[in-house]
J.: 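Mind looking over this structure? Questions follow.
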Number of protein chains: 2
Amino acid sequence: MAQRPSIPKGTRDFNPEQVAKRNYIFNTIKQSFETFGFQPIETPSFENSETLMGKYGDEGDRLIFKILNSGDFYKSLVMDDSVTIYGLERFNTCLQKALNGNYKTIKESLEVELRKGYENDSYYSKVLNFILGIKEINFGNVLPVEAEEKDKIKSRILFRYARLILFDSKTHIKKISEKALRYDLTVPFARYVVQHQNEIEFPFKRYQIQPVWRADRPQKGRFREFYQCDADVVGSKSLWQEVEFVQLYDDVFDKLGLDGVTIKINNRKILSGIAEVIGARDKLIDFTVALDKLDKIGEEKVKEEMLAKGISEEGISKLQPLFNLSGSFENQIESLKAILSSSQEGKQGIEELEFISNAITNLELQTATLQLDVTLARGLNYYTGAIFEVSAPEGVDMGSIGGGGRYDDLTGIFGLKDVSGIGISFGLDRIYLVLKELNLFPETVTKNIEVLFTNFGSKEALYSLKAIKTLRKQNIAAELYPDNAKMKKQMNYANKRNIPFVVLVGEKELNSKVYTLKNMKSGEQFQLSLDELISHLK
Amino acid sequence: MAQRPSIPKGTRDFNPEQVAKRNYIFNTIKQSFETFGFQPIETPSFENSETLMGKYGDEGDRLIFKILNSGDFYKSLVMDDSVTIYGLERFNTCLQKALNGNYKTIKESLEVELRKGYENDSYYSKVLNFILGIKEINFGNVLPVEAEEKDKIKSRILFRYARLILFDSKTHIKKISEKALRYDLTVPFARYVVQHQNEIEFPFKRYQIQPVWRADRPQKGRFREFYQCDADVVGSKSLWQEVEFVQLYDDVFDKLGLDGVTIKINNRKILSGIAEVIGARDKLIDFTVALDKLDKIGEEKVKEEMLAKGISEEGISKLQPLFNLSGSFENQIESLKAILSSSQEGKQGIEELEFISNAITNLELQTATLQLDVTLARGLNYYTGAIFEVSAPEGVDMGSIGGGGRYDDLTGIFGLKDVSGIGISFGLDRIYLVLKELNLFPETVTKNIEVLFTNFGSKEALYSLKAIKTLRKQNIAAELYPDNAKMKKQMNYANKRNIPFVVLVGEKELNSKVYTLKNMKSGEQFQLSLDELISHLK
């Protein structure tokens, strides 16, 4: 391989410093998860395709990475007559008529007969243009008369069309691939709950921190492989769980030293209520999708989009109080009560938000702020109650760093009805960038070894290894430079690796049974016994 | 979905207890890795196909999981004329001759003309049998005369053959799949080193604990997704590293409480030397593959296999002293010196083993035993020096629980020559089974939360959550039962989750500002203030 090797786009290698910093975030999140009573589970990296397909909306299936079946993955396609018979027989008939008909040129014969055979305009064009791409045939030529000439043209055209019809990725996917990589952790979790329902105590509180894979177009901050950090509870409708999740977000960011995050909260019932009140009940998704973009595109463009989706001008004008909604949680709630006075569902949503807000006020958050945001929808349409989104502190240019919500029927897709759930997620990669920007990674995070022992010969090396063995037993990370190299090279290595101490061992140290410890920062050197060395390094 | 959902064969879900136990092993291994100076890296789950293909021997590629290209994965195949032209034109010629020839039956016509067209016996049979499988054609019939009838038969046969030739998985793989899941951690590590060589300080000590995937046939103890725990050093030929790795194995198993493991060691040069001495130098692989099976199939069968592979009887008889090799490391070394006296390479191997053995004797292992095993080869043919394998303690029926060795030129496959490496691996799943069998998981490993607070109403719940907040700040894992359910149900939940303490909070407790703590094992109850509660639980 002459060229430098590389990794697929959208993926990353992590060096030791990056691993250490990522683990710092993971471990902080885990600590909070565990004090809040969540227990970890792990699911396989690939699930059966039918578990994942169709669960992520129209665009979802396209973005899932499929795993090719092992061995001869074409086996079932080769043996499947239905794959060819219908499609090619029909085409063959058109082709026969074209070649045996009364036409001036080959091209004309195809145009006419294919037109009769394929009514669908775009498919007809697709087939015709594909056939006309055959370089070996001059389609402007007069239709040949001799059987052998006709047969040659016919087979070339048939072979080309065979490729078009046989290589149909959309229909073949199911035959050549039966497994796919996880797209998120929520669907696998629902599958896990239903599969293991007899071994689970409800309410079931689980956390899951594992990678997921999406075939998105990679860009800044968007990767094809990334971790999700989720905590969910299934089996209870209690609003105390919404309260706890707000506390959980607060606890994690407090531990990370990330002050000033905003936890935005909304409720699907409020969005439904608003849609109801403006007469757009049947356009709930279009409505919420447009509304959710308020922060990004502004009020005017949001209204334009709603108009374009068929929401009435009258209805949109009723939204004005919402666009003007501001002030404290309580003030906004009062305004909402007025706006949604005629919607039962809307009022239910308000009640739920009030409960959560009052509890949080009583319990007090440590560092985050809870804020009502009635435009928050977060795209996914399986939320049925509370909806959360966490914003980075002011001044930090980052999208959301966490989100979640209540979903009343997720396990229903796998056959277990009536199990309400609620969960939140932490955006690991974005949190990493925020901590980096605000310089919040503790210095100790990237420390590797404490002390390097020099190597100036076999006897010295053995002597050093005995000391290293004792140091390691005291949990002091230590190692021996493996080769008997020049002093300069060994010191250079210690510096490049940011090792704070070096122990020099030469004949003198061997004979006196001491160790010369050098502080790499200050340059100071000490002659120490083994015990003194241990105390010094601890 | 009427049926219970499931996961692909060879994969596993892990419940909280299993995750906790696996993490106990991972964390113990990591601790040792870090005190020994290894730092973690992480590589992507999927690599470019060319990085992995061809690196694992003849059978390897078959067992690698391939990822289907995103979008229209057939795109390049549809447009590629070469995929059809040659193969089908040739077949078409045979078919024309068959249908227009002077044959009695359709079958006879095909047999004769295809035979002329395809000299390769097995391919001819494959094609013929495949064609004869067309149900719609009665091949015993007389060859038709009418053009339309001939054409119908011809197109059916062409369409069928098109499938056979177009659905060629071996050649298509490269066009529809460009990425594949990691098969191990060693090749990705070599790729990482070459790709990032300018950012790495050599010698580079890295550990990597990540899952890998293999399309093996699943059986007991063999999974399609499993973790590898590897530690490697690249950039030095120093034998002190071999010594350190023996110490590292010893340290991990000592920490796990797994006493009495045997670390078997051999050296590729010794195997080469033996092969040289018995005149089987050119059959080194066959020789070592057979020899490595000694433990499994016994001396007689090993000799039979060697004979079958073309190793002379005379040579095999020279092996007798090896089969009889026993006793201490030193004794075996002495015997080997005699046997390999005429082999330079063999003597080099002996020197290396002596160095390691002497150092280990001086340094003393804590719990493991180092043993020489000259039959150890471990299948993989990239070891060039030391070869390790770790056996479970006696009495435990398990295969190896770890292995590794020295490889002088791994990064060479990616363009970076002359970088010597050595590494070891821990068999996580087998170690798990051994610890389980010997009851060596500490009880604390699977503990989840310390205390559950009951929920008998809103006021009580809020009061409890305030206390829970304080407990959590003290790192005491606590939670509130989310619903206001009957006492029995809440107590039952606590028992099913093995929660050691429950705090009862009713009106009485609210008014007196106390908490009634119940010890779930003993049944004792105490009325405590918040501070007393904290002390009691810590």
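In the text below, chain A, chain B and the rest are named by the order of the sequence lines, each starting its count at 1.
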J.: Given heavy-atom pairs under 4.5 angstrom as the criterion, report whether the side chain, backbone, both or neither of A:Glu225 touches chain B.
T.: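 The answer is the side chain of A:Glu225.
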
J.: Among A:Leu416, A:Ile499, A:Asp254, A:Ile173, which has the most heavy-atom pairs under 4.5 Å with chain B?
T.: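 The residue among A:Leu416, A:Ile499, A:Asp254, A:Ile173 with the greatest pair count is A:Ile173.
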
J.: Of the backbone (N, CA, C, O) and the side chain (C-beta and beyond), which part of A:Lys75 lies under 4.5 Å from a heavy atom of chain B, both, or neither?
T.: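 Contact with chain B: none, neither part.
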
J.: Is A:Arg224 positioned over the aromatic face of A:Phe65, cation under 6.0 angstrom from the ring centre and no more than 45 degrees off axis?
T.: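 Here A:Arg224 fails the 6.0 Å and 45° test against A:Phe65.
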
J.: Does any heavy atom of chain B fall under 4.5 Å from the side chain of A:Gln247, the backbone, both, or neither of them?
T.: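 Answer is side chain: those atoms of A:Gln247 sit under 4.5 Å from chain B.
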
J.: Would you name the heavy atoms of B:Gly10 and B:Phe223 that are closest together and state the gap between them?
T.: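 Heavy atoms of B:Gly10 and B:Phe223 come nearest at O-CB, 3.4 Å.
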
J.: Identify the two heavy atoms, one from A:Thr51 and one from B:Ser6, that lie closest to each other, and give their separation to 0.1 Å.
T.: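 Heavy atoms of A:Thr51 and B:Ser6 come nearest at OG1-O, 4.1 Å.
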
J.: Whether B:Lys469 and A:Asp251 form a salt bridge (side-chain N of Lys/Arg under 4.0 Å from carboxylate O of Asp/Glu) is what I want to check.
T.: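 So A:Asp251 does not pair with B:Lys469 through a salt bridge.
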
J.: Among B:Thr11, B:Ile7, B:Val243, B:Asn455, which residue forms the greatest number of heavy-atom pairs with chain A at distances under 4.5 Å?
T.: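 Of B:Thr11, B:Ile7, B:Val243, B:Asn455, B:Ile7 has the most heavy-atom pairs under 4.5 Å with chain A.
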
J.: Give the member of A:Ser45, A:Ala215, A:Gly235 that has the highest number of heavy-atom pairs under 4.5 Å with chain B.
T.: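 That would be A:Ser45.
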
J.: Where does A:Tyr493 contact chain B at under 4.5 Å (heavy atoms): side chain, backbone, both or neither?
T.: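 Interface part for A:Tyr493: side chain.
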
J.: Of the backbone (N, CA, C, O) and the side chain (C-beta and beyond), which part of A:Leu181 lies under 4.5 Å from a heavy atom of chain B, both, or neither?
T.: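 A:Leu181 touches chain B through side-chain heavy atoms alone.
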
J.: Relative to chain B, which segment of A:Ile476 carries a heavy atom at a distance below 4.5 Å: side chain, backbone, both, or neither?
T.: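 A:Ile476 touches chain B through backbone heavy atoms alone.
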
J.: Can you check whether A:Phe36's main-chain N or O pairs, donor with acceptor, with A:Lys205's side chain at less than 3.5 Å?
T.: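 Yes: the side chain of A:Lys205 pairs with the backbone of A:Phe36.
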
J.: Which bit of A:Ser236 comes within less than 4.5 Å of chain B, counting heavy atoms only: side chain, backbone, both or neither?
T.: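 Both parts, backbone and side chain.
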
J.: With chain A, which of B:Ile67, B:Asp151, B:Thr93, B:Ile200 has the greatest number of heavy-atom pairs at distances under 4.5 Å?
T.: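 Highest number of pairs under 4.5 Å: B:Asp151.
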
J.: Quick one: of B:Val233, B:Asn448, B:Asn69, B:Ile449, who has the most non-hydrogen atom pairs under 4.5 Å with chain A?
T.: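 Highest number of pairs under 4.5 Å: B:Asn448.
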
J.: If you tally heavy-atom pairs under 4.5 Å against chain A, which of B:Leu452, B:Asn23, B:Ile41 wins?
T.: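 Top option by heavy-atom pairs under 4.5 Å: B:Ile41.
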
J.: Contact part of A:Gln31 toward chain B, heavy-atom cut-off under 4.5 Å: side chain, backbone, both or neither?
T.: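 The answer is the side chain of A:Gln31.
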
J.: Is A:Gln241 close to chain B through its backbone or its side chain, or both, or neither, when contacts mean heavy atoms under 4.5 Å?
T.: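 Only the side chain of A:Gln241 comes within 4.5 Å of chain B.
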
J.: With respect to chain B, which residue among A:Glu199, A:Glu450, A:Gln366 yields the maximal number of heavy-atom pairs within a distance under 4.5 Å?
T.: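 Heavy-atom pairs under 4.5 Å are most numerous for A:Gln366.
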
J.: Can you name the closest pair of heavy atoms from A:Pro211 and A:Trp213 and give their distance?
T.: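 Looks like O-CZ3, 3.6 Å.
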
J.: What part of A:Glu178 lies closer than 4.5 angstrom to a heavy atom of chain B: side chain, backbone, both or neither?
T.: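 A:Glu178 has no heavy atom closer than 4.5 Å to chain B.
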
J.: Decide yes or no for B:Leu363 and A:Lys466: does some side-chain heavy atom of the first lie under 4.5 Å from some side-chain heavy atom of the second?
T.: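 Yes, close enough: below the 4.5 Å cut-off.
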
J.: So what's closer than 4.5 Å to chain B heavy atoms on A:Asn492: side chain, backbone, both or neither?
T.: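 Interface part for A:Asn492: neither.
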
J.: Could you pull out all residues at least two apart from B:Tyr192 that satisfy side-chain hydrogen bond (donor to acceptor under 3.5 Å, both in side chains)?
T.: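 Here no residue qualifies.
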
J.: Among A:Ser155, A:Ser458, A:Pro203, single out the residue with the greatest number of heavy-atom pairs under 4.5 Å to chain B.
T.: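 Counting heavy-atom pairs under 4.5 Å, the top option is A:Pro203.
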
J.: Please look at A:Phe130 and chain B and tell me whether the side chain, the backbone, both or neither of the residue comes under 4.5 angstrom of a heavy atom of that chain.
T.: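 For A:Phe130, the contact with chain B is made by the side chain alone.
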
J.: What orientation do B:Tyr207 and B:Phe33 show, parallel under 30°, tilted 30 to 60°, or perpendicular over 60°?
T.: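 Ring orientation, 0 to 90° scale: tilted.
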
J.: Heavy-atom cut-off 4.5 Å, strictly under: side chain, backbone, both or neither for A:Ser32 against chain B?
T.: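 Neither part.
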
J.: Looking at A:Asp72 and B:Lys170, does any basic side-chain N land under 4.0 Å from a carboxylate oxygen?
T.: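 No, this pair does not count.
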
J.: What part of A:Asn484 is in contact with chain B, defined as an atom under 4.5 angstrom from a non-hydrogen atom: side chain, backbone, both or neither?
T.: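 When you check distances to chain B, no heavy atom of A:Asn484 falls under 4.5 Å.
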
J.: Say whether A:Asp13 and B:His196, considering side chains only, have a donor N or O and an acceptor N or O under 3.5 Å apart.
T.: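 A:Asp13 vs B:His196: donor-acceptor pair found between side chains.
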
J.: Measuring only between side-chain heavy atoms, which start at C-beta, is B:His172 closer than 4.5 Å to A:Tyr74?
T.: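 Of all side-chain heavy-atom pairs linking A:Tyr74 with B:His172, at least one is under 4.5 Å.
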
J.: If you measure only the distance, is there a donor-acceptor pair under 3.5 Å linking the side chains of A:Lys152 and B:Asn92?
T.: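 Distance-only check fails for A:Lys152 and B:Asn92.
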
J.: Report the option among A:Leu68, A:Leu164, A:Asn475, A:Asn48 that has the most heavy-atom pairs separated by less than 4.5 Å from atoms of chain B.
T.: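 The candidate making the most pairs under 4.5 Å is A:Asn48.
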
J.: Sub-3.5 Å donor-acceptor pair from the side chain of B:Gln210 to the main-chain atoms of B:Glu42, do we have one?
T.: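 The answer is no, because no donor-acceptor pair under 3.5 Å joins these two groups.
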
J.: Could you tell me which non-hydrogen atom of B:Arg62 sits nearest to which non-hydrogen atom of B:Lys66, and how far apart they are?
T.: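 Looking at all heavy atoms of both residues, the shortest contact is O-NZ, 4.0 Å.
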
J.: Of the listed residues (B:Lys179, B:Arg22, B:Glu17), which shares the most heavy-atom pairs with chain A below a 4.5 Å separation?
T.: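 It is B:Lys179.
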
J.: As an exercise: rank B:Thr43, B:Ile176, B:Leu462, B:Asn15 by heavy-atom pairs under 4.5 Å with chain A and give me the winner.
T.: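 Heavy-atom pairs under 4.5 Å are most numerous for B:Leu462.
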
J.: Below 4.5 Å, heavy-atom pairs only: which of A:Arg472, A:Glu244, A:Lys237 has the largest tally toward chain B?
T.: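 Winner by heavy-atom pair count: A:Arg472.
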
